Amino acid sequence: MSELRWHPFLEQWVITATHRQERTMLPPADFCPLCPTVPGGFPTEVPAPSYDIVVFENKFPSLRADPPEPAVAATSVSPVEPAKGICEVVLYSPKHQDSLAAMPLDRIQHLARVWKDRYLDLGARDFVRYVFVFENRGEAVGVTLHHPHGQIYAFPFIPPVAEKELAASRRFHAQHGRCLQCASLADEIKDGRRIVLEGERFVAYVPFHARWPYEVTLAPREHQTSMAEWSEADMEDLSAVLKGLLQKYDALFAKPFPYMMVVHQAPTDGEDHRYAHLRFEFYTPHRAANRLKFLAGVESGAGTFINDKLPEESAAELRRVGPPSVAAVRTAEKAGGI
Amino acid sequence: MSKRDGDLDKREIRLPDGRRLIYYSFPDPPRRPEPPPEPGIPATPLNPSPPERH
């Protein structure tokens, strides 16, 4: 059962997807449904003995291209619509124990090429208005399968967080004649205290306004509205900055660091979104090695985040651990490290 | 179905339940510019020859 129910107070859609209760939950590694299907083994989602990178439609989708009619009638204040869209799973590697932080740079660059291809492919569908690329990592953020993978939701609407950010970016552009993210990044680079890692083309930093304890924004220096504008050189630099950042995260508490990685970029609704600026955002629930931040009453009920960490201190902590520079990430890999 | 977009090699199949699955293959490493040396650190070969003994 799946449908879109309108929340009239927040003016946004809620997806009901009751079939997702049946999802495979933290299976043992021998029965991972995202590993290749080995000869004589049980059949996984991927009917091949190996693969480079695989994308497939989610077995338990929140949105589907041919959705059922809603099982409930609309109310006088809340419309109901079929949950139309596409939910894809992206398998980063055939190796069950792999992670983005440990993968060769070439593989991460391949992944960036796949992301770009999915953005273009899904975004070309007439019912897709927003392509949302993301990864949940770690049980602390609700992961049900540990195999390295991300997801893509092709939404039939612009999701509310993106919509709000786009509206702010549009207003800023109209008032100041320049891009909000470009201006924000220029401020961060000029200040310097919150910079975590700088590549030639991408920069990772804890934003001045961070809501999560070790939140990081990773954005291109040049104005790019979406992945569609990435060159090979962009994706190479992105792979090194991304890998370096994730190695820093894992080094912070000397264990795999849970995060939500989301990509905000231009919608695919056919409108002019030149004011939009692509960026990755990392939301990180750990505020200390053994302490988690929860989205409790104030965050969930008032919509106001309370951050227990100063962004300047979080950035300093991240700079001190892991690879000291993007050049060090490349050098370590060439020398045979990870 | 197999197709190439630029130098992106992908092959699409249908799973038994009708879902779409795409294999992306990358037989050759993508072209990558040589990274510049880290500021302040002279570029050194990865496997430098041992110093000559005199």
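Lettering follows sequence order; numbering is per chain, from 1. Only a predicted model underlies this, so the values are computations on that prediction, with no experimental measurement involved.
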Let me know if A:A48 has heavy atoms under 4.5 Å from chain B in its side chain, its backbone, both or neither.
both

Chain B heavy atoms under 4.5 Å from A:V89: which part of the residue, side chain, backbone, both or neither?
neither

Count the heavy atoms of every other residue, nucleotide or ligand shown that sit under 6.0 Å from CZ of A:F31, and state whether that count exceeds 12.
no

Once you round to the nearest 0.5 Å, how far does [atom1] of [X] lie from [atom2] of [Y]?
X: B:Y24; Y: A:R113; atom1: OH; atom2: CZ; answer: 11.5 Å
X: B:L8; Y: A:L120; atom1: CG; atom2: CG; answer: 10.0 Å
X: B:Y23; Y: A:I53; atom1: OH; atom2: CD1; answer: 14.0 Å
X: A:E45; Y: B:L15; atom1: CD; atom2: CG; answer: 6.5 Å
X: B:L21; Y: A:Y51; atom1: CG; atom2: OH; answer: 9.5 Å

Closest heavy-atom pair, A:N58 versus B:R19, reported as atoms and distance to 0.1 Å, is O-CD, 3.7 Å

Which heavy atom of A:D52 sits nearest to which heavy atom of B:S25, and what is that distance?
OD2-CA, 3.3 Å

Is there a side-chain contact between B:K10 and A:V54 (heavy atoms, below 4.5 Å)?
no

Which residues share a salt bridge (charged side-chain N to carboxylate O under 4.0 Å, His left out) with A:E188, sequence neighbours left out:
A:R194

Residues forming a side chain to side chain contact (heavy atoms under 4.5 Å, CB included) with A:F134, sequence neighbours excluded:
A:F132, A:N136, A:Q151, A:Y153, A:V262

